[in-house]
Each structure stands twice: as structure tokens, then as C-alpha cells.
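A quick write-up on the structure given underneath.
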Amino acid sequence: MGYVVQLDAYEGPFDLLLDLIVKNEIDIWDIPIADITQQYLEYLHSLQVRDLAIGGEFLVMAATLLRIKAKLLLPQEQIGLEESEEEEDPREELVELLLRYRFFKEVAVFLRDRYQASVYYYDRGNRTEELDVTPVYTNLVGDITLNELAGMYRELLVEAQREPPIHSVVQRVSVQERLALVRIQLMGQSSVSFGQLLQNNTASEIVVTFLAVLELVRLGEIRVLQEKPFGNIQVRPYALEMEVMG
Amino acid sequence: MTLKEAEIIIEALIFAAERPISCKDIGDLLELKQSTVEALIEKIRERHGEGALMIRSVAGGYQFVTKPELAPWIEKMGRPVISAPLTLASTETLAIIAYEQPVTKAQIEEIRGVRSDSALNNLLERGLICELGRKDGPGRPILYGVTEKFLLHFGLRSLDELPPISIRSAK
Amino acid sequence: MTLKEAEIIIEALIFAAERPISCKDIGDLLELKQSTVEALIEKIRERHGEGALMIRSVAGGYQFVTKPELAPWIEKMGRPVISAPLTLASTETLAIIAYEQPVTKAQIEEIRGVRSDSALNNLLERGLICELGRKDGPGRPILYGVTEKFLLHFGLRSLDELPPISIRSAK
């Protein structure tokens, strides 16, 4: 057929199949499976030749195509029946999947066009104006009185004047320990601020916590988000699968 | 409050709101009927007719934006595009979530035929989708849905603006 | 580009700029004299005369804001209302600042014996304390003091009216 394998990366096996169907000007309801399977396998082969990894999904689809091809090749006992009972066509399920995928692919193109149209509308630039983000405190200090405030200050002074602790335990924290602690802190949370992880930490603990967070990012357990420079850093567990296992 | 005063207040609200403000919210705030609010917004639009600004109807609300023909100048000024375009893989994933929500990763992957972890993470990071909770059943998988930011990103008024489902639209 | 077109472009630039944009920047961008830009901004101001928006000259540039008399409506719309009273940590910190001001974070933490960042942030956000400048010395730490709002809340004319403290009398 002289079909030239398109070397673009495909989004997946459906994408590849749809492309083959378009290229060959095939009626999607009547796919010549033998032919398409051949071209599909040729494409995979071309990837292999170029030493490119073939996704498992592509191999699964290859198996499906071969299975459908085999079914179609089986001798039809009642040839007349095939026309009337279309749902027995082994290709039908595949066609449904392809059409469903094709619809969403079309929507993706629609969305891309909408995006391109909407980027020409600029909204107000100074969005984080103080006026808009400052919370309103209806209860500024609660019902604390001035005398209570004074009393609190006095007690703090008294407390501060007590003799300092004679000995302090120097604790060394390992990254592994801290890793475990951070995992515990993140358990069941959708998002924790980096500051929260550091609360009440000494300088060396902060360093170790930071290392632990980096390690967790490397392990793919969390991701770290910072929406603006110097903004709040959010730590988010990636996979909540652990929760399911545990 | 006269109608003229209400018109001015509505203009201020639409301008100052952090996100598109809906007719209903304006109505509730000003104790006005929604039809009145709509009529007043028309008046504001007329008043801005010759100026640089327009009121766009997006994400279920109203928002002041500059007229599209002025975009080149704003770009020239150096204002970055609000959000970079998505890859086709991410857009595809987003399309599926918009129609099928609440939907699990497994369902998305079944439709796309490929793994979709990185597309999902990308969309989550951009705030275009969010987790809606967990599905009952084995593994209690996370359910995803689209956000208001999704509508904003694509300049959609609501999900109704998406093409009607026509899986059978095969030629 | 006609003057009318330039006026519309300037309106769009001021609206879309992320921070107040200066006369000079506008002039450079449009290749116009600053005096022309200023005259055109006057024209935009006139055009917005009866509307909700105004161009404010601030921080060396121009910026669209809503007219001040509309502020109550905007406040009513968007700002999150927080009704939580002060935490113990914040109250302690406030007490120390009231008596010790000007005082650094380190000094506060020395008295309280614990870190006080979030308490300080909370007090700053509530407008009960403010930064008074920086202390001379290593690191030039920020000095904190209470605000007029604090005095008003407790009905104090000045800090001299704070109840006197005698540590001896404390149990």
C-alpha cells in the first residue's frame, strides 16, 4: 500500500489506530482489520528498529488486533447471519472505544481553540491588592481586658527570670527519623505547609527536615508547591495509595 | 439606592472581585432582582463601549477584561500570559474529566488507552482539576472533577458550552 | 496611531499592568511624549468621571482602583470574615510588645521561650502591631510595636496608660 509510517509520537494506541484509519481513508465502521493490524505492527517494529521503548499499552492493543483478526478469519458457518446481527462483529467493541476516544480528542482540539481565543482577554493586572485579600477581623482580640494582658506579661517575666535549665540534651536527628516523622505529619493530609513541618524546630532540625522533604520528593511521595516567590510552600502527598495499603 | 447608584456599585464589584462574580451574588449583595442586575450590566457595557475594557461573561460570572484587539500592546508591555498552554495529552485528559466527572484515574486511562499520571498531576498542579472525594469500592480510588479555573482558562461560561456528546458522530 | 487610539491603549495598559505603570513606561511603549501621555490619562479620567473606576497615581505609576466611596460594598463582597479571637500565643506576644516596644522577635522569643513567628504574623494581619523599623546591630532585626488600632481597642490614649507592672508582686 506504500503507507509511510508517521514518526510522530502518538498519545497512545487509539491515537495511532485513528491516524492509520484517517491515512488510509477507511470507514471506521468497516475497518479492514488484517490490513490495519499489519500497519500497526509495522509501526511498532519501526519503533523497535530505532531502539525506542514501546509502551505496554501498544502491545496490548497489538494482541487485541490479532485476536480480532483471528476471529474474523474463522470460517463463518452461517454467512447470512453476519449481516443481520451486527453486534456479533468482533470489531464492534474496538470501534466503540475508538469513537469514544476520538470524541474526546476532538474536544481537546475545541478546548485548545478556546484557549487560544481567550488569551487575548486580559484581566485586571493588580489582582492581589491589599483591599481584596486582607481579612476582616470582627473579633480583634476577643474579650481580653487590659489588666489580663498586663497579668500575662508579668507572669511571662517571672517565668523568664527563673533560672535557665542546667543541662540541655543535645539531640541528633537523623534524616531517616525525620523522614518517618514527616510521613506521619502528612498522613491523611491533602496539603501541609512547609512552615507547619518546621514548627518548634531547632536550626539543625530544620536542616534535617528540609533534607527529608527533598528525599520524599525524590522518592515521588510528595510534591512541593510554591505559588509565588517567597510565598508559602505547600507540601502535598502524591499518592494516597499508601493510605489504602496501610 | 437609585438604579444609577446600583449600576455604579455593580461596576465596582465586577472590577474588584477576585474571580468572576455571578449575577446571583450581585443580586444578593444589593438586594436586587437578577433581571435588574442583568439590565444594569448592559448599561455598564454600553458605557464602556468606546473604551478599552469590556465585561466578559465567563465561569458563571462577570469579569472586566481588556478588549481582545488590545492584546498585542499588553503583551508588548510584558505581562505574561495568565497560564501557559497545555499539552494535547493534558487537554485530552481534561476533556474526559469535564464530561465524565466525577471520574477515577482508571476510567480516564481506559478511555485514553494510556497511563495518565503525569497529565493528572500537571492538571492538579495548575488547579484545573481537583479531587472530589473517593469512590466507594475496592481501593477507594480518588474521583476527579474540573474547577472554576478550568472554565476561566478556556474562557467558558459553563460546562454547557462544551460540544454535545456525540460519540456516534462517525462519518 | 491616532490620539484616540493611544488613549484606549493606555487605558488597557493601566488596567492590565501588574503593578502601577509609570508615565515614562507608557511613553516608551507607545513612542509618545510624557506630556502627551499625561494629557491622555486626563482624558481617560474624564471618561470614567461618572463610573465606578478611577485612575490613581501611586508608587510612581498609574493604577485603576474603585472610587473610595464604593469601598464598603467591596468589603461586603469579598473579604473573608474572621471572627476567631486571639490565641494564647498571640495574646502573650501582644502583651510583651505592648510593654517592651520597640522589641525584636528574638527578644519576644527569649521571654516566651518559644518561637513566635505565627503569633507575630497573626498580630500583624490584625493590624494590632506594626514594624517600627530595624534595630542597629547584627542582622538588623525588625522592631515591633503596637498600633493606634491597639490603643483604640483598649481605650488607651498612650502606652503610658498601660497598667504598671511590678514583678515582685507577682506570685
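So you know, we letter chains A, B, ... as the sequences are listed, proteins then strands, and number each from 1.
Rounded to the nearest 0.5 Å, atoms OG1 (B:T91) and NZ (A:K105) are 10.5 Å apart. For the atom pair CG of B:L156 and CZ of A:R114, the computed distance is 5.0 Å after rounding to the nearest 0.5 Å. Rounded to the nearest 0.5 Å, atoms CD1 (B:I96) and OH (A:Y101) are 8.0 Å apart.
Across all their heavy atoms, A:S118 and B:H153 have their closest contact at OG-O, 3.1 Å. Here the closest heavy-atom approach between residue B:V114 and residue A:E11 is recorded as CG1-O, 3.1 Å. Closest approach of B:A95 to A:A108, counting heavy atoms only: CB-N, 4.2 Å. Minimum heavy-atom separation, A:F110 to B:L162: CE2-CD2, 3.9 Å. When all heavy atoms of B:P163 and A:F103 are compared, the pair lying nearest together is O-CZ, 4.1 Å.
When heavy atoms are compared at a cutoff of 4.5 Å, B:R112 approaches chain A by way of both its backbone and its side chain. For B:L86, no part lies near chain A; criterion is any non-hydrogen pair under 4.5 Å. Using a 4.5 Å cut-off between heavy atoms, B:P138 does not touch chain A at all. If you measure heavy-atom distances from B:F154 to chain A, the contacts under 4.5 Å come from both the backbone and the side chain. Using a 4.5 Å cut-off between heavy atoms, B:E100 contacts chain A through its side chain alone, with no backbone atom that close.
The local environment of CZ in A:F194 is crowded, with over 12 non-hydrogen atoms from other residues, nucleotides or ligands closer than 6.0 Å. No more than 12 heavy atoms of other residues, nucleotides or ligands shown are found within 6.0 angstrom of CD on A:E93. With a 6.0 Å radius and a threshold of 12 heavy atoms from other residues, nucleotides or ligands, B:R157 has its CZ atom at or below the threshold. The environment of NZ in B:K67 is crowded: more than 12 heavy-atom neighbours from other residues, nucleotides or ligands sit within 6.0 Å. For B:K4, the NZ atom is densely surrounded, since the number of other residues' heavy atoms within 6.0 Å is greater than 12.
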request  = Tell me, with the steps shown, if A:R223 and B:L124 meet side-chain contact (heavy atoms from CB on, under 4.5 Å).
outcome  = CA-CA 11 Å; A:R223 77 201 143 94; B:L124 279 169; 4.0 Å; yes
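Judged by the 6.0 Å and 45° rule, A:R124 forms a cation-pi pair with B:F15.
Remark: B:E110 engages A:R100 in a salt bridge, criterion side-chain N to carboxylate O under 4.0 Å.
Among A:D113, A:V107, A:L111, the residue with the largest count of heavy-atom pairs under 4.5 Å with chain B is A:L111.
Taking the six-membered ring where the residue is Trp, A:F104 and B:Y99 present perpendicular rings, their angle passing 60° and hence far from 30°.
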